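Reviewing the structure listed below.
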Amino acid sequence: MKRIPHTSILSCLFVLIALLSGCGKNTGPYPVPDSLQTHDALQEAYVQSFLEGRGCEAEGLLEQLVEQAVRRDDFRAAGNAYGLGWKLHQYAGMGAPALRGRAEYMLALAGEETPEKTFTSENTKLSPRDIQFKKALTDKKWKRLEKTLTAEDDSLYVSVYARKASQAALASGARKEAERFVELARKTDARQGWIIFLREDWKIKHQLANSEGEKAKIHARIEHLSNLIHPCR
């Protein structure tokens, strides 16, 4: 299975991931414990487990990320780890107010005066790539967007932004473009085994369906995908 790249996946996720602190080098008579040097692997495993619908496993990995940060006395990194979890839930169309609450709590302990504003859109730092995409989306430059996403190597970026583009195209009446974007997202998610996002892709396809029979088949597919998602109860 293709590994999730370590590059920026979205503006907010890029900021959150970049802020999650790395670990020091293993030098001297008291080397840094191995348990504190698995940050990147844990983060990657968390995102992958979440998108594959393995809720309990993902939750455990997220708590390990937070524990690592707390053991390093880095409460800002702990807050950003919870923030990463919250953002992933938002992209998947799933509410997770508890995760945002934990993120804000940890950031408050880190000295953030207004932690409740940390994850609002006006405080999200956009990368040049995200700025370019959002402008093309606003200007409805569908061909430019499709060319950009098709050439992109970051699977998570392609998945999320192709879905956004599909929804925007559908809202503006550009059905053919909406179909192409959502199919790009679907192929990306199918290749990665990301059933959390596949379910969202098929929900858009359900809106694009032309007949009740086609909608019924799509609904059945969505149900099958939902049955493979195991939330942690």
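Computed from a predicted model, the values in this text were never measured in an experiment. All residue numbers refer to positions in the sequence shown, counting from 1.
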What distance separates His219 NE2 from Ser226 OG, expressed to the nearest 0.5 Å?
8.5 Å

Between Asp154 (side chain only) and Tyr157 (backbone N and O only), is there a donor and an acceptor less than 3.5 Å apart?
yes

Judged by atom type as modelled, is there a donor-acceptor pair below 3.5 Å linking the side chain of Glu214 to the main-chain atoms of Asn210?
yes

Kindly determine whether Asp189 and Arg163 satisfy salt bridge (Lys or Arg N to Asp or Glu O under 4.0 Å), including the steps that lead there.
CA-CA 11 Å; Asp189 298 330; Arg163 236 178 342 274; 3.1 Å; yes

Does Thr188 use its side chain to pair, donor to acceptor, with the backbone of Leu184 at less than 3.5 Å?
yes

Taking every non-hydrogen atom, the tightest pair across Gln43 and Leu84
CG-CD2, 4.1 Å

dist Phe133:CZ -> Arg144:CZ (nearest 0.5 Å) comes out at 11.5 Å

Residue pair Ala77 / Arg72: nearest heavy atoms and the distance that separates them:
CB-NH2, 4.1 Å

Under a 4.0 Å N-O cut-off, is there an ion pair linking Asp201 with Lys205?
no

Nearest atoms (heavy-atom pairs only) where Pro97 meets Gly95
CD-C, 3.6 Å

Ignoring hydrogens, what is the shortest heavy-atom contact between Ala169 and Ala178? Give both atom names and the distance.
CB-N, 3.7 Å

Give a yes or no on whether a salt bridge exists between Glu183 and Arg186, defined as a side-chain N under 4.0 angstrom from a carboxylate O.
yes

Are Glu177 and Arg180 packed together at the side-chain level, in the sense that at least one heavy-atom pair is separated by less than 4.5 angstrom?
yes

Least distance between heavy atoms, Gln192 atom then Ser155 atom:
OE1-OG, 3.3 Å

Glu179: what forms a salt bridge (charged side-chain N to carboxylate O under 4.0 Å, His left out) with it, not counting sequence neighbours?
none

For the NZ atom of Lys143 and the CG atom of Leu145, what is their distance to the nearest 0.5 Å?
12.5 Å

Taking atom NE2 of His230 and atom SG of Cys56, what is their separation to the nearest 0.5 Å?
10.0 Å

Do the side chains of Leu170 and Gln167 get nearer than 4.5 Å, heavy atoms only?
no

Closest heavy-atom pair and its distance - Ala81, Leu62
O-CD1, 3.4 Å

Would you indicate whether the side-chain heavy atoms of Tyr161 and Ser166 approach each other to under 4.5 Å?
no

With side chains defined as the heavy atoms from C-beta onward, is the minimum distance between Trp86 and Gln90 less than 4.5 Å?
yes

Trp202 and Ile204: CA distance, side-chain angles, deciding distance, side-chain contact (heavy atoms from CB on, under 4.5 Å) verdict:
CA-CA 5 Å; Trp202 282 102; Ile204 297 175; over 6 Å; no

Which value, rounded to the nearest 0.5 Å, describes the distance between Asp130 atom CG and Leu137 atom CG?
11.5 Å

Where does the angle between the aromatic ring planes of His89 and Phe50 fall among parallel (under 30°), tilted (30 to 60°) and perpendicular (over 60°)?
tilted

Kindly determine whether Val66 and Met106 satisfy side-chain contact (heavy atoms from CB on, under 4.5 Å), including the steps that lead there.
CA-CA 10 Å; Val66 172; Met106 289 294 188; 4.1 Å; yes

Just wondering, do Met94 and Leu88 contact through their side chains at under 4.5 Å, heavy atoms?
no

Decide side-chain hydrogen bond (donor to acceptor under 3.5 Å, both in side chains) for Glu63 and Tyr46; before the verdict, give the C-alpha distance in whole Å, the side-chain angles of both, and the deciding distance to 0.1 Å.
CA-CA 10 Å; Glu63 290 305 323; Tyr46 165 64; over 6 Å; no

Would you check, one step at a time, whether the test side-chain contact (heavy atoms from CB on, under 4.5 Å) holds for Leu149 with Phe181?
CA-CA 9 Å; Leu149 290 173; Phe181 282 124; 4.1 Å; yes

Should Leu99 and Leu61 be counted in the same cluster of Ile, Leu, Val, Met, Phe, Trp and Tyr side chains packed under 4.5 Å apart?
yes

Of the options Ile222, Ile229, Leu225, which is the one that meets Leu198 in a side chain to side chain contact (heavy atoms under 4.5 Å, CB included)?
Leu225

Tyr82 side chain reached by Leu65 side chain, heavy atoms, under 4.5 Å:
no

Candidate pair Glu200 and Lys203, rule salt bridge (Lys or Arg N to Asp or Glu O under 4.0 Å), full reasoning
CA-CA 5 Å; Glu200 298 307 302; Lys203 286 179 181 179; 3.3 Å; yes

Side chain proximity check, Arg221 to Arg199, heavy atoms < 4.5 angstrom:
no

In Å, rounded to the nearest 0.5 Å, how long is the span from CG of Leu228 to CD1 of Ile195?
5.0 Å

